[in-house]
Asks: 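Just dropping this structure here.
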Amino acid sequence: MPSNDVRTLLHTAVPTAAAGVVTVAVSGVLAGGKGAIGAAVGTLVVILFMGIGLTVLQRTAKSLPHLFQSMGLALYTTELLLLFVFVAAFKDTTLFNPRAFAAAIIVATLTWVAAQIRVHMTTKTLYVEPEPSVARKPENTGSST
């Protein structure tokens, strides 16, 4: 993975994880241990989904740049739908607090999107990939001394 892609991933995942820690702490205070577990699972699900999506989107941008915008829209729509499916699937679980889980998914998703917007607004991205410079051999002028 190129360094720019890793930087983007880190600059979005780290704030999301930090927001997740805060969400876990608040959920732990408000809903106990099951609330903390639900918030931790919700945060991890968002980081996993969004991280995979970002990786797929960046690889698509490099190989098929003409599909980048439509792929991004389709990918984010799919991610949000899958997150809603996760919330619906675990709404009656007894493993953790479902409200804390849902709240963590919302907080982590909003944090991820805000961090990604910030990264893209501050990153200087070339619109055209420059061709690598090729070292030239010195030309022979034809004169011998």
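Fair warning: this is a prediction, and the values are worked out from it, not measured in the lab.
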Asks: Looking at OG1 of Thr8 and CG of Leu54, how far apart are the two atoms once the value is rounded to the nearest 0.5 Å?
Replies: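 Answer for the OG1-CG pair, Thr8 versus Leu54, is 6.5 Å.
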
Asks: By the ring pair (Phe, Tyr, Trp, His ring centres under 6.0 Å) test, which pairs, at least two apart or in different chains, include something from residues 22-65?
Replies: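 Passing the test, one end in residues 22-65: Phe49-Phe86.
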
Asks: Determine which pairs satisfy ring pair (Phe, Tyr, Trp, His ring centres under 6.0 Å) with at least one residue from residues 14-33, sequence neighbours left out, and list them in order.
Replies: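 Every pair satisfying ring pair (Phe, Tyr, Trp, His ring centres under 6.0 Å) with a residue in residues 14-33: there are none.
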
Asks: Give me each pair satisfying ring pair (Phe, Tyr, Trp, His ring centres under 6.0 Å) with a member in residues 99-119, each pair once, sequence neighbours excluded.
Replies: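 Non-adjacent pairs meeting ring pair (Phe, Tyr, Trp, His ring centres under 6.0 Å): Phe90-Phe101, Phe96-Phe101.
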
Asks: Using distance only, find each side-chain donor-acceptor pair of residues 14-24 under 3.5 Å and give its atom names and separation, not counting sequence neighbours.
Replies:
{"residue": "Thr16", "atom": "OG1", "partner": "Thr12", "partner atom": "O", "Å": "2.7"}
{"residue": "Thr23", "atom": "OG1", "partner": "Ala19", "partner atom": "O", "Å": "2.8"}

Asks: Can you name the residues that form a side chain to side chain contact (heavy atoms under 4.5 Å, CB included) with Leu95, not counting sequence neighbours?
Replies: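 Counting only residues at least two positions away or on another chain, Leu95 forms a side chain to side chain contact (heavy atoms under 4.5 Å, CB included) with Thr93.
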
Asks: Through direct or indirect side-chain contacts below 4.5 angstrom among Ile, Leu, Val, Met, Phe, Trp and Tyr, which residues connect to Val113?
Replies: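 ILVMFWY cluster around Val113 also holds Ile117, Met121.
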
Asks: Tell me whether Val107 shares a hydrophobic cluster with Val46, the cluster being built from Ile, Leu, Val, Met, Phe, Trp, Tyr side chains joined at under 4.5 Å.
Replies: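 As far as the 4.5 Å side-chain criterion goes, Val46 and Val107 are not connected within one cluster.
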
Asks: Please output the side-chain donor-acceptor pairs of residues 30-45 that fall under 3.5 Å, not counting sequence neighbours, one pair per line with the distance.
Replies:
{"residue": "Lys34", "atom": "NZ", "partner": "Thr94", "partner atom": "O", "Å": "2.7"}
{"residue": "Thr43", "atom": "OG1", "partner": "Ala39", "partner atom": "O", "Å": "2.9"}

Asks: Would you be so kind as to tabulate the donor-acceptor pairs closer than 3.5 Å made by side chains of residues 63-82, with sequence neighbours excluded?
Replies:
{"residue": "Ser63", "atom": "OG", "partner": "Arg59", "partner atom": "O", "Å": "3.0"}
{"residue": "Ser70", "atom": "OG", "partner": "Leu67", "partner atom": "O", "Å": "3.2"}
{"residue": "Tyr76", "atom": "OH", "partner": "Gln116", "partner atom": "OE1", "Å": "2.6"}
{"residue": "Tyr76", "atom": "OH", "partner": "Gln116", "partner atom": "NE2", "Å": "2.8"}
{"residue": "Thr77", "atom": "OG1", "partner": "Leu73", "partner atom": "O", "Å": "2.8"}
{"residue": "Thr78", "atom": "OG1", "partner": "Ala74", "partner atom": "O", "Å": "2.7"}

Asks: Members other than Ile106 in its cluster, when Ile, Leu, Val, Met, Phe, Trp, Tyr link by side-chain heavy atoms under 4.5 Å?
Replies: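 Ile106 clusters with Leu110.
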
